[in-house]
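Single-structure report; data block below.
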Amino acid sequence: MRIRVLTLFPQMFDCLNESIIGRAIKSGKLDFQAVDIRAYSKDKHQKCDDTPYGGGAGMVMTAQPVYDCINAVDPNHEYLRIYMSPKGERLSDSLCRSLAQNDSILLLCGHYEGIDQRVLDLCIDREISIGDYVLSGGELAAMVVIDSAARFVDGVLGSAVSHEDETFSDGMLEYPQYTRPPTFMGLSVPEVLLNGNHKEIDKFRKQQSRALTEKLRPDLLSDTDDGKR
Ligand code: ADE
């Protein structure tokens, strides 16, 4: 999968070089680049913002550098062009899965009071929000999208790790995990996990999943749920 992030702060994305996403970038499963919008500014001081027409607090990112940056990175509109915005469609497990089906995604990050609406109208395919709160820029939101969608790209999670047992994979929270030692600070691992009976382990984990979901996120259990999961 090709991922391009358009941002005034490309160095913020250095943290993607760690852990699972970092490995996927190194192995070529993800082709990732953070592109500096400022490099496309035609202003003599490479300015990329200005005061809002109509007045009001803060600054607005100007259309020219963003427009030129998008068209330099994606001249033939091959990428799904996404603007990170609190006004966008809310990110969810199913949206992450569907984003991962795209060969190429471009994530545009705004800053200050946002981006001149005309460039969004001209260039953007969809807007995504990571939740009902306002971040100081789209960068952290773009990282959340990249991390959560890339997990569904084939080969990103090695063969030993699967996302099918995870929280939300079947609409429920994941069961608790334990590892060695069998007893820690007087707390023992549930006996059933030590006996090697995979049918019993599976049943136990499903019960745990269901109980946790009922307790912590009853909203995830739909009305039509027949309790057989
Ligand atoms: N930019 C600022 N706030 C945001 C949010 N909640 N989601 C996505 N992008 C944003």
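Read the numbers this way: they start at 1 and go in the same order the structure lists the ligands and their atoms. For this chain, numbers begin at 1 and follow the sequence in order. Keep in mind the model is a prediction, meaning the values are calculated, not measured.
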Can you list the ligand 1 atoms lying under 4.0 Å from a non-hydrogen atom of Gly131?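 The list of qualifying atoms is 6 (N).
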
Near Ala141, which atoms of ligand 1 are under 4.0 Å from a heavy atom of that residue?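 Contacts of ligand 1 toward Ala141, numbered from 1: 7 (N), 8 (C), 9 (N).
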
What residue and heavy atom of the protein are closest to [atom], and at what distance?
{"atom": "atom 3 (N) of ligand 1", "result": "Leu135 N, 3.0 Å"}
{"atom": "atom 10 (C) of ligand 1", "result": "Pro86 CD, 3.6 Å"}
{"atom": "atom 9 (N) of ligand 1", "result": "Ser85 N, 3.1 Å"}
{"atom": "atom 7 (N) of ligand 1", "result": "Ile130 N, 3.0 Å"}
{"atom": "atom 6 (N) of ligand 1", "result": "Tyr133 O, 2.8 Å"}

Under 4.0 Å from ligand 1, counting heavy atoms only, is it the side chain of Ser129, its backbone, both or neither? both

Check: Pro86 and Tyr133 side chains under 4.5 Å, non-hydrogen atoms: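 They are not in side-chain contact.
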
Answer yes or no: does atom CD of Gln177 have more than 12 heavy-atom neighbours from other residues, nucleotides or ligands under 6.0 Å? yes

Flag if over 12 foreign heavy atoms under 6.0 Å of CG, Asp103: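 No, CG of Asp103 has 12 or fewer neighbouring heavy atoms, counting only those of other groups under 6.0 Å.
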
Test Asp202 against every option in Lys206, Arg205, Lys199 by the salt bridge (Lys or Arg N to Asp or Glu O under 4.0 Å) rule and name the one that passes.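 The salt bridge (Lys or Arg N to Asp or Glu O under 4.0 Å) with Asp202 is passed solely by Lys206 among Lys206, Arg205, Lys199.
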
Under-4.0 Å salt bridge between Arg38 and Asp36: no

Decide, yes or no, whether a salt bridge links Asp31 with Arg4 under the criterion of side-chain N to carboxylate O below 4.0 Å.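 Judged by the 4.0 Å cut-off on N to carboxylate O distance, Asp31 and Arg4 do form a salt bridge.
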
Take every heavy atom of Ile128, measure it against each atom of ligand 1, and state whether any distance is under 4.0 Å.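 Flag set, Ile128 near ligand 1.
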
